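First comes the structure, then the notes that go with it.
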Amino acid sequence: MAEFEPKIVTFACNWCTYAAADLAGTARVQYPPNVYIVRLMCSGMTNPDYVLRAFEEGADGVIVSGCHYTDCHYIDGPVKCDAMFAKVSKLMHILGLEEERLKREMISTSEGTVFARVVKEFVDQLKKLGPSPFSPLRKEKVAV
Amino acid sequence: MNLEDIIQETNTYYCLECGKCTSICPIARYDPAFSPRMLIENALLGFEDELVFNQKLFSCLTCYTCQQECPSDVDFPVFVRKARSIAQDNGQHGICAHSGQLQSLARLMTSPDIKQRRLEWLSQEYRVSEDSDVLLWVGCAPYFEPVFEDIEFRALDITEASLKILNFLGIEPKLLPDEKCCGHDVLWTGDEETFKKLAQHNAAQIKEAGVKKIIFSCPEGYRTFKLDYPNYGFDVDCELQHISEFLAEKIEKEGLKFNEVTKKVTYQDPCRLGRHLGVYDAPRKVLESIPGIELVEMEHSGWDSICCGTSAFTNCDSYSNLLRIDRLSEAVETGAELLITACPKCQTHFRCAMVDKGKEHRPTPKIEIMDLANLVTNAIGEGGNVIK
């Protein structure tokens, strides 16, 4: 049987993490191809429902990543993101999801190598955990 | 199900086009573009697209006020519910409140592999029993806790109060560790598929638990179990009671007495408990039997009481908010210091409206709001007669 390949959805802010992922690409830093990046204008606009939907559509893990506290283009985006993340973590806890499947990161534009490392570590972690408890809901059309 | 069947099933053919539904509809009072009569007419004339691709279809509160006045007994809320399910099949989901989190949670819960940690709030002070005949339905309350922490509403307070009341009366209820959402919200937004999965799971869990009676602290769950589960073929074969009915029965048959609580209160009839199930007297009986409680009715009460403005967490818009503000004003005008409701959702929506300060010339009316179960816990036991 082929090894389990986790699917990861990353909500990345346009100004920092998305650019970091781009930098990792142009610098040819190798990282696993399990990650699907959703670009948002700010990590502060991530909504609890985005994370819930990602799991519903078959993600095995979710990374929410944006600028560092002092780098935000919209001043307090990361603070809002932290509040949202705390909320969704509580919801996921009650739903019975392992907390290792959710990850809050802050990756700045110049940290392409950090992005690659975070994804690599997360994939290793998820491989140990196995498929998400919501994977029976996974819809075929989403599986790429 | 196609539109023709829905029309047959809900008596829509008998519509006289009298427009009483639109004239009494609490949403049509604020939103000129919403008209129950127009929705019905579009269906009867066969304009299916006009009906299902109309965002206004999701504006209906399904509060059953229209049906109270309808001379032809058209079951408009069920008509809307079924039309919404056609809309869902066509990719129309309505605009869900709280960005659809509550509906997403219900869908996530359908996964058979999850192991919920839903009873972590349960502390040592409450007595529960594994082999009790009575089940207390907890419902969505643990999930509401993180979702509504911004508006300082704790739905579990109501569940804990119900548990406290049951313990006080010597009942150690059973709580299910793996119950799932009753499916009310997904059903009324038209997602029948998810509803059936949830209902099947819950009905099986209850059969396995072997209980004789289920007590609800939430009228939405009560309605869903009482009317919708049997309708979809998931019978639970139990006696079902709302906590207010349970208390009213205890007062009547066993002469339950309360301590004194001196408060002037008014009561908001939840649409699911009142118009859907016809329970108007039980909560009033409980309120009247508490010494010191003076119950004053609002301008609209009983069958024509006004809904709290949103149901099934769909389409919460500015019109809903206007409705809520007017309802809160009615409550304030009675001179009551406390607004009592028997539904956690009413409390959510009113508290949410009160977070908003309003305009300078028209500030949002403020009134303390409390669930019936919480009021009763203040009137039982030793030293329980003080409201903070």
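For clarity, every value in this text was computed on a predicted model and none was experimentally measured.
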Original post:
Which answer fits Gln103(B), side chain, backbone, both or neither, if we ask what part of it has an atom under 4.5 Å from a heavy atom of chain A?
Top reply: neither
**OP:** Determine, step by step, whether Phe134(A) and Asp113(B) satisfy the side-chain contact (heavy atoms from CB on, under 4.5 Å) criterion, reporting the C-alpha distance in whole Å, the side-chain angles of both residues, the deciding distance to 0.1 Å, and the verdict.
**Re:** CA-CA 7 Å; Phe134(A) 305 115; Asp113(B) 289 358; over 6 Å; no
**OP:** May I ask you to test the Lys87(A)-Glu149(B) pair for a side-chain heavy-atom distance under 4.5 Å?
**Re:** yes
Original post:
Which heavy atom in Arg117(B) sits nearest to a heavy atom in Gly96(A), and how many Å separate them?
Top reply: NH1-CA, 3.8 Å
Subject >> Shortest non-hydrogen contact from Asn47(A) toward Gln101(B) >> reply: OD1-NE2, 4.3 Å
**OP:** Step through the shown structure and confirm whether more than 12 heavy atoms of other residues, nucleotides or ligands are within 6.0 Å of NZ on Lys127(A).
**Re:** yes
Original post:
Taking everything shown except Lys207(B) itself, do over 12 heavy atoms lie less than 6.0 Å from its NZ?
Top reply: yes
Original post:
Ser111(B) side chain to Pro133(A) main-chain N or O, any donor-acceptor pair under 3.5 Å?
Top reply: yes
**OP:** Quick one: pull up CD in Glu56(A) and OG1 in Thr110(B) and give me the separation to the nearest 0.5 Å.
**Re:** 7.5 Å
Original post:
Which atoms form the tightest heavy-atom contact between Ile94(A) and Pro142(B), and what is the distance?
Top reply: CD1-O, 3.1 Å
Original post:
What distance do Asp49(A) atom CG and Ser99(B) atom OG have between them, rounded to the nearest 0.5 Å?
Top reply: 4.5 Å
**OP:** Determine whether more than 12 heavy atoms belonging to other residues, nucleotides or ligands lie under 6.0 Å from atom CD of Glu193(B).
**Re:** no
**OP:** Just give me the residue among Leu97(A), Val51(A), Leu95(A), Leu91(A) that pairs up with chain B most often, heavy atom to heavy atom, under 4.5 Å.
**Re:** Leu95(A)
**OP:** Could you tell me which of His98(B), Glu120(B), Met109(B) has the largest number of non-hydrogen atom pairs under 4.5 Å with chain A?
**Re:** Glu120(B)
Original post:
Would one find more than 12 heavy atoms of other residues, nucleotides or ligands at under 6.0 Å from atom NZ of Lys174(B)?
Top reply: yes
**OP:** Inspect the surroundings of OH in Tyr18(A) and state if more than 12 heavy atoms from other residues, nucleotides or ligands are less than 6.0 Å away.
**Re:** no
